[in-house]
Each structure stands twice: as structure tokens, then as C-alpha cells.
Amino acid sequence: MLVTGGSGGIGAACARLFAAEGADVVVHYHRGRERAEAVASEIGGRIVGADLTDEAEVAQLFETVGDLDVCAAIAGVWPQGDIPVWDLSLERWRATLDANLTATFLTARGFLGQLGEREGALVLCGSTAGLIGEAGHADYAAAKAAITGGLLLSLKNEVVRRHPACRVNAVAPGWTESPMTRGHVDPESIRLVSRTMALRKVAQPEEVAVQVVVLASPILSGHVTGQVVTVAGGMEGRVLHET
Ligand SMILES: NC(=O)c1ccc[n+]([C@@H]2O[C@H](COP(=O)([O-])OP(=O)(O)OC[C@H]3O[C@@H](n4cnc5c(N)ncnc54)[C@H](OP(=O)(O)O)[C@@H]3O)[C@@H](O)[C@H]2O)c1
């Protein structure tokens, strides 16, 4: 199986958990080769590098890794900086859509292309931003909404044309402690962001990873497809006004 973004916080947790379940894991990285190597050597897996926004690199990746039956498409980018749409540059908009939506499309295409008519499972990665929006990150929210909306729902109906048991699902994490949120998960920030959450904490990467593994499993999720599992402590929305 392949974990994209295996060099990141949630991806590394997925790689470890899939390996603990006995999977032969390929840990993907983009810039973080050393982090991927550390995870792979810990779990006895392989590594593969690719910029997932680059069509040729993605094609090369799937050629290199060989047959896969499971893919967890976890790689993504939350751009730093809260910028309202009226100030949002086209450059950042395009970069964010590329790094999230286009990278997920290219990953899905490459994975399903090599899968052919075999049975397999694909797990995509959205975000609560895609479900409830995120002021200051409309680019990221739009990309994640497209992943857990139109892309997921179309894919789940396409994959069964090749094999009747193929499944595609997604996780939608809320705030999760990882390199992506470094500097945003101090106790005061957690107190603020958890005001609309039943469970007043940020997730650990392992708490997201376990849902990815459950969705990928044909035993645990054999009749589950096209679903989005939100891992956000029962979050109901955001606080928009103080009073
Ligand atoms: N952390 C959160 O609070 C949170 C909340 C909601 C959703 N998510 C989603 O969860 C996923 C994992 O996030 P994380 O928290 O684990 O973040 P992270 O630690 O920053 O990991 C991001 C991963 O994406 C990879 N990546 C970024 N751009 C890439 C590109 N162009 N090509 C290939 N790989 C690329 C990175 O590779 P390198 O490091 O090797 O460059 C890294 O492995 C993302 O899709 C993110 O949007 C996270």
C-alpha cells in the first residue's frame, strides 16, 4: 500500500498503523526525504519521492512502486497566512488548488490506472475547512470541499465499473497536531478553537490515521464507500462573533 504525504504528521501515523496491521507500506515524500526514510526504516517499508502536482513525477511514482491495492492520499498543503478573498492572489489560489485538489486527482488517477480490474481501496483526505469553510483560507476550503464532494462522489461510482468491490472514502480532520499546525496548537489556541467542539482538544495524528485504516479495510468497511469520516471531536462549526 502507498501513503502519500508519509513524511508528514498524519501520513507518517498512517504508515505506522498500516504496517502494524501487516501491510507492505510505501512511504511517499516530497521535500522531506529524511523524515520518510526514518518512518520507512522504523516499519520496514520503502520510500518514494514525487511532487504530486507534477504529472510526470506522479506517473514515475506509480511506475516505480509497482502493484498496489490500497492508497491513502494524505498529502496536502494548508498555506500559512489568513487572507480574505479580496486580497488573495491568483498565484496562491492556484498553488493551493494544485497542492491539494490536483495532487489528489493525479494520485487517484495513477493509483486507479495501475489497479486496473483488481479490487482496491482509496482513502482521500479532506478537512473540516471543506465542510464548514474557513475564513482566510477560501482557497484551501474550496480545494478540500472539491475532494470530499464532487471528486469523491464521482470516483466511488467510477471505480465499481472496474471491480464491483472497489471503494473510495475520505477522512476530514479538524485541528490535528502535526508539522502543518506547528505554532497553532498552544493551550490558548486550543481553548479558542475547541469552543465549538464536544471534545476540547486537537487530534493526534494517530486518531486520524486509525480512521484511514478502518476505511481502507475490506473487513471493517466492506460496504462503506463515498463516505466522509470527520475526525474533529464533534466540532459543530466556528465561533464567528464574540457576542
Ligand atoms: N493538521 C491538521 O490540522 C489538518 C486538518 C485538516 C486536514 N489536514 C490534512 O491532512 C493532510 C496531512 O496533513 P499533516 O497535518 O500531516 O501536514 P504535514 O505534516 O505538513 O504533511 C503534509 C504532507 O504533504 C506532503 N506534500 C505537500 N506538498 C506536496 C506536493 N506538492 N507533492 C507531494 N507531497 C506534498 C508533504 O511532503 P514533504 O513534507 O515531504 O514535502 C507532507 O508529507 C493534508 O492533506 C492536510 O490538508 C490536516
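Just so you know, these numbers come straight off a predicted model, no measurement behind them. What's counted below: heavy atoms across the whole structure, side chains too, no hydrogens, waters or symmetry copies.
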Thr53 versus Asp98, side-chain donor and acceptor atoms under 3.5 Å: no
Between the side chains of Ser194 and Arg200, does any donor sit under 3.5 Å from an acceptor? yes
Of the non-hydrogen atoms in [X] and [Y], which two are nearest, and what is the gap between them?
X      : Y      : answer
Leu220 : Ser217 : N-OG, 2.9 Å
Gly126 : Pro173 : O-CD, 3.3 Å
Pro205 : Gly9   : CB-O, 3.5 Å
Ala142 : Trp93  : CB-CH2, 3.8 Å
Cys14  : Ala209 : N-CB, 3.5 Å
Ala141 : Glu134 : CB-N, 3.9 Å

Could you check Asp139 against Arg92 for salt bridge (Lys or Arg N to Asp or Glu O under 4.0 Å), going step by step and ending with a plain yes or no? CA-CA 8 Å; Asp139 49 349; Arg92 178 171 130 173; 2.7 Å; yes
Checking [X] side chain against [Y] main chain: does a donor-acceptor pair fall under 3.5 Å?
X      : Y      : answer
Ser41  : Ala38  : yes
Lys156 : Gln227 : no
Ser178 : Met180 : yes
Ser221 : Val224 : no
Thr107 : Ala103 : yes
Asp51  : His30  : no
His28  : Gly5   : yes
His241 : Thr243 : no
Asp87  : Ile83  : no

Electrostatic pair Arg109:Glu55 at N-O distance under 4.0 angstrom: yes
Salt bridge flag under 4.0 Å for residues Glu207 and Lys201: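 Counted as a salt bridge, because a side-chain N and a carboxylate O are separated by less than 4.0 Å.
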Validation row: [X], [Y] side chains within 4.5 angstrom (heavy atoms):
X      : Y      : result
Ile132 : Arg238 : yes
Leu68  : Leu115 : no
Val27  : Arg46  : no
Leu2   : Phe62  : yes

Check the orientation of Trp78 and His137. Use parallel for under 30°, tilted for 30 to 60°, and perpendicular for over 60°. parallel
[X] side, atom [atom1]; [Y] side, atom [atom2] - distance, nearest 0.5 Å:
X      : Y      : atom1 : atom2 : answer
Thr196 : Glu236 : OG1   : CD    : 7.5 Å
Tyr29  : Ser7   : OH    : OG    : 9.0 Å
Asn100 : Ser127 : CG    : OG    : 9.0 Å
Lys144 : Leu97  : NZ    : CG    : 11.0 Å
Thr181 : Asp186 : OG1   : CG    : 10.5 Å

Hydrophobic clusters here meaning ILVMFWY residues chained together by side-chain heavy-atom distances under 4.5 Å, can you tell me if [X] and [Y] are in one?
X      : Y      : answer
Val171 : Leu122 : no
Val65  : Ile47  : no
Val39  : Ile74  : yes
Leu152 : Val123 : no
Ile43  : Val213 : yes

Set out, in order, the CA-CA distance, both residues' side-chain angles and the distance that settles salt bridge (Lys or Arg N to Asp or Glu O under 4.0 Å) for Glu119 and Arg162, then state yes or no. CA-CA 8 Å; Glu119 179 179 347; Arg162 306 279 285 280; over 6 Å; no
Between Gln204 and Thr176, is a side-chain contact (heavy atoms from CB on, under 4.5 Å) present by the stated rule, with each step listed? CA-CA 6 Å; Gln204 292 305 303; Thr176 305; over 6 Å; no
Do you know which of Val212, Ile10, Val70, Val25 makes side chain to side chain contact (heavy atoms under 4.5 Å, CB included) with Val3? Val25
Which residue in the set Asp54, Val58, Leu52 passes side chain to side chain contact (heavy atoms under 4.5 Å, CB included) when paired with Leu106?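 The single option meeting the side chain to side chain contact (heavy atoms under 4.5 Å, CB included) with Leu106 is Val58.
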Who are the salt bridge (charged side-chain N to carboxylate O under 4.0 Å, His left out) partners of Glu37, not counting sequence neighbours? Arg33
I would like to know whether Arg161 and Glu158 meet salt bridge (Lys or Arg N to Asp or Glu O under 4.0 Å); could you show each step before the answer? CA-CA 6 Å; Arg161 295 180 191 163; Glu158 290 181 359; 5.3 Å; no
Would Arg167 and Val159 count as a side-chain contact (heavy atoms from CB on, under 4.5 Å) if you check the C-alpha gap in whole Å, the side-chain angles of each, and the deciding distance to 0.1 Å? CA-CA 7 Å; Arg167 299 174 304 103; Val159 295; over 6 Å; no
Would you say CD of Glu117 has more than 12 non-hydrogen atoms from neighbouring residues, nucleotides or ligands within 6.0 angstrom? no
Is atom CZ of Arg118 surrounded by more than 12 heavy atoms (other residues, nucleotides or ligands) closer than 6.0 Å?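 Atom CZ in Arg118 is packed in, count exceeds 12.
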Begin with the C-alpha distance, continue with both residues' side-chain angles, and end with the deciding distance and a verdict on side-chain contact (heavy atoms from CB on, under 4.5 Å) for His184 and Trp175. CA-CA 9 Å; His184 298 269; Trp175 286 99; 3.7 Å; yes
Could you go step by step and tell me if Val228 and Asn169 meet the side-chain contact (heavy atoms from CB on, under 4.5 Å) rule? CA-CA 6 Å; Val228 182; Asn169 290 289; over 6 Å; no
Listing request: all ring-ring contact (aromatic ring centres under 6.0 Å, His included) pairs with a residue in residues 213-237, at least two apart in sequence or in separate chains.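 Applying ring-ring contact (aromatic ring centres under 6.0 Å, His included) to every pair that reaches into residues 213-237, excluding sequence neighbours, yields nothing.
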